[in-house]
Asks: 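Before I ask anything, here is the structure I am working with.
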Amino acid sequence: MKNLTLTVRVGASLDTMQPVMVNDDANPVRILTDSFDGWIMPRVRDHLGAPSSNYFDGSDDMFCIQVSGRFLQPCTVYDLEFGNEFEQPLQLPWGTSVLIKFAQWYDPGLSTNVNAPKPYAFSPLIVTMNRLHVESSKGPVLWPSPNGEIIDEDITILSKEVKTLNERRAFFKRAQSRKAVNVTADQVWHMQFSNPFLNFSSGKIKIPAMEVDVLKYWEGQPLRFFARTPTQILFIVEFDLRRS
């Protein structure tokens with residue numbers, strides 16, 4: 001819609017957020033801190049003023065957050081979370097419970113409290129990512145998608161038994177499975193988080209048999225995706241959608 005303006009920002013913390021060009025596949029944003037070293041590329045389908053991305057040619061996704069990097073502080077898979085948090089309470093629409101049930105069906109690790117003073121929805125990072133490729137590397141983190149390439153699923157170095165997205169989600173939904181796998185600085189994680197339901201061009205979430213204009217209920221708040229551990233934020237991708 002022409003009366004909607006979308007600004008996308010990326011940073012290692014809320015006070016380091018900077019606007020970025022979406023869909024610029026050959027020029028991802030660098031994040032380098034004591035905790036994370038990597039690259040991030042947000043993509044939005046049909047975003048006015050941005051280049052087109054070949055990523056969407058082979059996908060029905062409406063947006064994608066792609067990340068390639070290494071976690072520099074030792075932890076376990078259990079410690080890594082990815083999801084949303086708002087600064088203020090939300091005005092919840094009719095049908096919120098249906099949306100939540102659908103989201104938890106789509107992402108079986110999702111934990112949410114939309115009635116909290118700071119509403120949130122977080123999932124284990126290893127469960128929520130749509131595609132995940134983890135490799136062993138001590139060299140520089142290389143960006144794998146300069147032309148919008150979709151990454152291949154492969155977490156063999158974490159679990160030789162897990163081959164597919166569904167197997168990964170089923171296996172790592174269990175806390176004990178996540179606690180048993182170490183994350184080390186000689187691993188590079190290539191991740192893609194995406195879905196076909198949230199349309200930033202229209203400001204609506206559309207699932208089977210239901211459509212919601214989310215701008216009526218976000219009340220001017222941006223949608224922020226946080227990657228975090230229990231003690232720190234690793235990086236943030238923010239989608240700030242407003243009516244002109």
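Just so it is clear, the structure is predicted and the values come from calculations on it, not from any experiment.
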Asks: Dump the intermediate steps for side chain to side chain contact (heavy atoms under 4.5 Å, CB included) on Met210 and Val98, then the final yes or no.
Replies: CA-CA 9 Å; Met210 187 175 182; Val98 176; 4.0 Å; yes
Asks: Got a sec, which residues hit side-chain hydrogen bond (donor to acceptor under 3.5 Å, both in side chains) with Asn54, two or more places apart in sequence or on another chain?
Replies: none
Asks: What are the two closest non-hydrogen atoms of Met41 and Asp24, and how far apart are they?
Replies: CE-O, 3.0 Å
Asks: Linking I/L/V/M/F/W/Y whenever any side-chain heavy atoms sit under 4.5 Å apart, do Trp143 and Ile151 land together?
Replies: no
Asks: Using a cut-off of 6.0 Å, state whether more than 12 heavy atoms not belonging to Asp57 lie near its atom CG.
Replies: yes
Asks: Using only heavy-atom distances, determine whether the side chains of Asn166 and Thr164 contain a donor-acceptor pair under 3.5 Å.
Replies: no
Asks: So, applying side-chain contact (heavy atoms from CB on, under 4.5 Å) with Trp189, which one of Val141, Val134, Ile155 is it?
Replies: Val134
Asks: Looking at every non-hydrogen atom in both residues, tell me the closest pair between Asp213 and Gly203 and how far apart they are.
Replies: OD1-O, 3.3 Å
Asks: For the side chain of Asp154 and the backbone of Thr156, is there at least one donor-acceptor N/O pair under 3.5 Å apart?
Replies: yes
Asks: Are side-chain heavy atoms of Ser53 and Arg45 found at a separation under 4.5 Å?
Replies: no
Asks: Rounded to the nearest 0.5 Å, what's the gap from CG on Asp107 to NZ on Lys173? Could you check?
Replies: 10.0 Å
Asks: Looking only at the side chains, is there a donor atom on one of Arg9 and Gln18 sitting less than 3.5 Å from an acceptor on the other?
Replies: no
Asks: With rounding to the nearest 0.5 Å, note down the distance linking OG1 in Thr128 to CE in Met191.
Replies: 11.5 Å
Asks: Kindly compute the distance separating CG (Leu158) from CD1 (Ile126), expressed to the nearest 0.5 Å.
Replies: 5.5 Å
Asks: Taking atom CD1 of Ile31 and atom CG of Leu234, what is their separation to the nearest 0.5 Å?
Replies: 10.5 Å
Asks: Quick check: is Met21 connected to Val8 through a chain of hydrophobic side chains (ILVMFWY, heavy atoms under 4.5 Å apart)?
Replies: no
Asks: Could you check whether Arg224 pairs with Glu87 (Lys NZ or Arg NE/NH1/NH2 to Asp/Glu carboxylate O, under 4.0 Å)?
Replies: yes
Asks: Just checking, is any N or O donor in the side chain of Asp25 or Ser145 under 3.5 Å from an acceptor N or O on the other one?
Replies: no
Asks: Taking the side chain as C-beta and beyond, is there a heavy-atom pair between Met62 and Lys204 under 4.5 Å?
Replies: no
Asks: Under 6.0 Å between ring centres, would you say that holds for Phe193 and Phe82?
Replies: yes
Asks: Consider only side-chain heavy atoms of I, L, V, M, F, W and Y, link residues closer than 4.5 Å, and tell whether Leu132 and Phe71 are in one cluster.
Replies: yes
Asks: Quick check: closest heavy atoms across Ala12 and Thr33, and the distance to 0.1 Å?
Replies: CB-CG2, 3.5 Å
Asks: Taking the six-membered ring of Tyr78, is NZ or CZ of Lys179 closer than 6.0 Å to its centre and within 45° of its axis?
Replies: yes
Asks: Do Val212 and Thr96 have side chains that get closer than 4.5 Å, going by heavy atoms?
Replies: no
Asks: Passes side chain to side chain contact (heavy atoms under 4.5 Å, CB included), Leu4 versus Arg243? Steps please.
Replies: CA-CA 4 Å; Leu4 295 181; Arg243 299 196 190 278; 3.7 Å; yes
Asks: With a 3.5 Å cut-off and no angle check, do the side chains of Asp61 and Ser194 form a donor-acceptor pair?
Replies: yes
Asks: Just how far is it from atom CD of Gln232 to atom OG of Ser13, taken to the nearest 0.5 Å?
Replies: 11.5 Å
Asks: Between the side chain of Arg30 and the main-chain N/O of Trp39, is any donor-acceptor distance below 3.5 Å?
Replies: no
Asks: For the side-chain contact (heavy atoms from CB on, under 4.5 Å) test, which of Leu223, Val10, Val67 pairs with Val237?
Replies: Val10
Asks: How about CZ on Phe239, more than 12 heavy atoms from neighbouring residues, nucleotides or ligands closer than 6.0 Å, or not?
Replies: yes
Asks: Ignoring hydrogens and geometry beyond distance, is a side-chain donor-acceptor pair present between Thr184 and Asp186 at under 3.5 Å?
Replies: yes
Asks: Can a donor-acceptor pair be found, under 3.5 Å and without considering hydrogens, that links the side chain of Arg242 to the backbone of Leu6?
Replies: no
Asks: Do Asn115 and Leu92 come within less than 4.5 Å of each other through their side chains, counting heavy atoms only?
Replies: yes
Asks: The test is side chain to side chain donor-acceptor pair (under 3.5 Å); show your working for Thr76 and Asn182 and say whether it passes.
Replies: CA-CA 4 Å; Thr76 67; Asn182 291 322; 6.0 Å; no
Asks: I'd like to check Leu99 versus Lys101 (side-chain heavy atoms, cut-off strictly below 4.5 Å). Are they in contact?
Replies: no
Asks: Taking the ring of Phe226 and the ring of Phe235, is the distance between their centroids below 6.0 Å?
Replies: no
Asks: Considering all heavy atoms of both residues, which atom of Arg70 and which atom of Gln187 are nearest to each other, and what is their separation?
Replies: CB-O, 3.2 Å
Asks: So, for Ser68 and His190, which heavy atoms are closest and what is the spacing to 0.1 Å?
Replies: OG-ND1, 2.6 Å
Asks: Give me the ring orientation class for Tyr106 and Phe102: parallel if the planes are under 30° apart, tilted from 30 to 60°, perpendicular past 60°.
Replies: parallel
Asks: Could you tell me whether Arg228 and Glu81 have a side-chain N and a carboxylate O separated by less than 4.0 Å?
Replies: yes
Asks: Evaluate the side chain to side chain contact (heavy atoms under 4.5 Å, CB included) criterion for residues Val22 and Arg43: first the C-alpha distance (whole Å), next the side-chain angles of each, then the deciding distance (0.1 Å), finally the verdict.
Replies: CA-CA 5 Å; Val22 302; Arg43 301 186 180 99; 5.8 Å; no
Asks: Please identify which of these residues, Lys163, Arg168, Arg169, meets the salt bridge (charged side-chain N to carboxylate O under 4.0 Å, His left out) condition with Glu153.
Replies: Arg168
Asks: What is the minimum heavy-atom distance between Leu165 and Met129, and which atoms define it?
Replies: CD1-O, 3.6 Å
Asks: Could you check Ile207 against Ile205 for side chain to side chain contact (heavy atoms under 4.5 Å, CB included), going step by step and ending with a plain yes or no?
Replies: CA-CA 7 Å; Ile207 65 173; Ile205 293 177; 4.2 Å; yes
Asks: Hey, does Ser111 have a side-chain heavy atom less than 4.5 Å from the side chain of Phe122?
Replies: no
Asks: Do Gln73 and Ser35 have side-chain N/O donor and acceptor atoms under 3.5 Å apart?
Replies: no
Asks: Is any side-chain heavy atom of Ile150 less than 4.5 Å from a side-chain heavy atom of Tyr55?
Replies: yes
Asks: Out of curiosity, Glu85 CD to Lys118 NZ, how far, rounded to the nearest 0.5 Å?
Replies: 6.0 Å
Asks: Are side-chain heavy atoms of Pro42 and Phe63 found at a separation under 4.5 Å?
Replies: no
